[in-house]
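Fair warning: this is a prediction, and the values are worked out from it, not measured in the lab.
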Amino acid sequence: MNRRGLTLLEVMIAIVILGLVVAAYLELFGESLRGAAGTRTWSQAIAYAADGMERAKLEPAACLTGTAEQLPGGFTRRCETRSWATVAAVTDFRALRVVVTLPGGGQYALERLVPTR
């Protein structure tokens with residue numbers, strides 16, 4: 001740097017360095033937004049599965065059909081049930097499984113043992 005100010009080369013180098021820093025911050029910001037959207041999708045799937053589990057416990061007949069239910073946001077939910085017994089004498093429980101399919105194709109499953117009525 002001389003007494004009259006910055007040279008054109010110094011200004012260009014400073015602009016390039018500043019541009020690289022800004023580009024890195026913008027990429028980081030974009031990645032955090034994509035991560036937040038993915039987390040929101042999984043949270044919605046968990047909520048739909050928990051809701052389906054409660055519904056199946058309150059209305060056991062709703063789970064016997066096994067058909068897929070269309071949910072808002074492109075999600076689908078289906079309920080599966082099967083008898084559960086590790087010992088031949090234990091037949092008063094059934095395995096209940098609620099599977100939520102995400103819009104992107106992933107799945108979240110929630111399983112519980114519930115007493116038969």
Side-chain angles (χ1 to χ4, degrees):
M1 179 163 71
N2 57 27
R3 292 180 179 246
R4 291 185 292 166
L6 299 173
T7 65
L8 181 60
L9 181 62
E10 290 169 336
V11 170
M12 289 175 63
I13 290 173
I15 289 173
V16 167
I17 291 172
L18 184 63
L20 291 174
V21 169
V22 168
Y25 276 117
L26 288 176
E27 181 66 27
L28 180 65
F29 183 68
E31 284 295 321
S32 66
L33 285 178
R34 282 187 285 279
T39 302
R40 189 176 320 113
T41 302
W42 277 103
S43 296
Q44 188 65 45
I46 292 169
Y48 282 145
D51 179 60
M53 184 63 70
E54 292 301 316
R55 181 175 168 210
K57 287 193 300 187
L58 293 173
E59 303 170 14
C63 196
L64 295 176
T65 61
T67 59
E69 175 184 7
Q70 294 297 324
L71 301 170
F75 294 88
T76 57
R77 175 176 62 197
R78 76 177 184 281
C79 182
E80 305 165 351
T81 184
R82 61 181 168 80
S83 62
W84 180 83
T86 56
V87 180
V90 179
T91 58
D92 54 345
F93 287 98
R94 62 187 170 99
L96 180 62
R97 179 181 169 132
V98 177
V99 180
V100 176
T101 304
L102 283 72
Q107 287 188 341
Y108 177 77
L110 186 60
E111 299 182 38
R112 288 195 180 144
L113 291 177
V114 294
T116 57
R117 296 179 195 226

May I ask whether [X] and [Y] are part of the same hydrophobic cluster, defined by side-chain heavy atoms of I, L, V, M, F, W, Y residues being less than 4.5 angstrom apart, directly or through others?
{"X": "V99", "Y": "L96", "value": "no"}
{"X": "I13", "Y": "V11", "value": "no"}
{"X": "L9", "Y": "I17", "value": "yes"}

Rounded at 0.5 Å granularity, tell me how far CG in D51 sits from CG in L110.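 Reported to 0.5 Å precision, the distance equals 11.0 Å.
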Of all residues at least two apart in sequence or in a different chain, which pass the side-chain contact (heavy atoms from CB on, under 4.5 Å) check with [X]?
{"X": "A95", "answer": "R82, W84, L113"}
{"X": "R112", "answer": "M53, E54, K57"}
{"X": "E27", "answer": "E31, R34"}

Once ring-ring contact (aromatic ring centres under 6.0 Å, His included) is applied, what residue pairs with a partner in residues 17-61 remain, sequence neighbours excluded?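 Matches after skipping sequence neighbours: Y48-F75.
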Only pairs at least two apart or in different chains count here, so list each ring-ring contact (aromatic ring centres under 6.0 Å, His included) that has a residue in residues 5-24.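 Output for this query is empty, none listed.
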List the steps and the verdict of side chain to side chain contact (heavy atoms under 4.5 Å, CB included) for V98 and R77. CA-CA 7 Å; V98 177; R77 175 176 62 197; 3.8 Å; yes
R97 to A109 - nearest heavy-atom pair and separation: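 Scanning both residues completely, I find the closest heavy atoms to be NH2-CB, 3.7 Å.
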Tabulate below the donor-acceptor pairs under 3.5 Å that side-chain atoms of residues 101-108 make, not counting sequence neighbours, or state none.
none

Full working for side chain to side chain contact (heavy atoms under 4.5 Å, CB included) between E80 and E111: CA-CA 9 Å; E80 305 165 351; E111 299 182 38; over 6 Å; no
